[in-house]
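Each ligand, and each atom within it, is numbered from 1 in the order the structure gives.
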Amino acid sequence: MHDTIPVILDCDPGTDDAFALLLALASPRIKLLAVTVAGGNVGLDRTLPNALALVALAGAPERPPVPVFAGADRPLLGSFTSEVRVHGVDGLGGVALPPGGAATAEVAADAIRRILRAAARPVTLVGIAPATNLALALATEPPLAAKVERIVLMSGAWAEGNATPAAEFNALNDPEALAIVLACGRPVVLVTLELTAQALCTPARLAALRVADGGRCLRAACDIQATVPLSRRFDGRGAALHDPCAIAWLLRPDLFTARDCAVEVDLGPGPGRGRTLIDRWGRTGRPANVTLAETLDADGFFNLLGEALVRLP
Ligand code: BDR
Ligand code: CA
């Protein structure tokens with residue numbers, strides 16, 4: 001039994017990605033080996049500097065900074081569709097952070113493969129963006145999947161989508177990549193829209209996070225989240241804090257309930273493209289390929305977030 005979890009975090013910051021990244025950086029149990037970045041919420045020209053700025057914001061002189069790698073600026077097919085209504089044109093709701101350092105000069109998929117090849121023990125991949133970087137890494141050297149402990153993805157929905165009626169944003173933005181990752185042969189945990197709806201960040205919850213005696217990171221995270229529009233999906237009561245749920249799964253699986261089931265992705269060109277067909281009740285008879293996170297103890301989740309982020313500078 002190891003007391004740390006080696007992790008590569010693939011992200012597209014992104015307002016909720018910012019919370020996820022800071023939660024990972026704040027958590028001593030997570031040994032963050034690399035942050036890999038894709039376009040998605042906004043273009044890679046924004047998500048990359050955002051990731052660098054967040055890593056620098058959480059940096060401490062006594063720790064070497066976590067390396068950040070630039071990855072895909074487009075999905076395997078076509079192009080990413082930004083979500084500036086939620087994330088702002090800069091991806092962080094217009095909250096200006098001090099610029100971070102430079103990205104490490106290696107393409108994200110190459111870095112993922114190099115790290116997996118060299119890993120003394122299996123690495124957990126966490127994907128909170130379109131799955132392009134993870135798919136490129138796994139598809140170009142499939143035996144490396146043996147070096148993957150598990151893959152935790154914020155992606156998909158078992159009912160309606162948030163990007164189209166059928167599809168969730170990350171799944172829609174690279175369904176082929178998601179299908180590759182689901183088929184890689186390693187355990188996949190799926191954190192879908194139905195799960196993240198339970199991580200509803202209401203104004204009251206945000207205010208409670210703010211009063212904690214935190215530093216610049218907690219302040220920045222709260223300032224960023226405050227720019228996210230309250231969602232019509234929740235009658236304006238709040239906004240789902242999607243991506244940190246994937247990190248919370250690693251830290252506190254006891255906050256979740258889950259079930260194993262078979263999941264497929266609609267790769268067709270029609271209105272169902274990107275839909276995750278999640279067989280929660282075993283109707284297809286297909287073998288389970290995913291552990292589906294279904295319920296979340298929301299108060300426990302927000303406590304975890306507050307307790308962690310308050311530890312950062
Ligand atoms: C997912 O899409 C992005 O907009 C968020 O950052 C999250 O990863 C939610 O559908
Ligand atoms: Ca994201």
Taking just the N, O or S atoms of D12, which one is nearest to the Ca ion (ligand 2)? OD1
Heavy-atom neighbours of K147 NZ exceed 12 at 6.0 Å: yes
Taken in chain and number order and not counting sequence neighbours, the residues that satisfy ring-ring contact (aromatic ring centres under 6.0 Å, His included) with F302 are none
Are R233 and E160 ion-paired here, with the side-chain N under 4.0 Å from a carboxylate O? no
Nearest 10° is fine: what angle sits at the Ca ion (ligand 2) between O from I128 and OD2 from D17? 80°
As a test of reading the model: which residues have a non-hydrogen atom less than 4.0 Å away from ligand 1? D16, D17, N41, H87, I128, M154, N162, E168, F169, N170, L193, H242, D243
Looking at W249, is R150 sitting on its ring face, NZ or CZ under 6.0 Å from the six-membered ring centre and within 45 degrees of the normal? no
R121 CZ: over 12 foreign heavy atoms closer than 6.0 Å: yes
Lys/Arg-Asp/Glu bridge criterion (N-O < 4.0 Å) met for E168, R275: no
For D243, what is the atom name of its N, O or S atom nearest to the Ca ion (ligand 2)? OD2
Using distance alone, with no hydrogens and no angle criterion, decide if D12 and T47 have a side-chain donor and acceptor under 3.5 Å apart. no
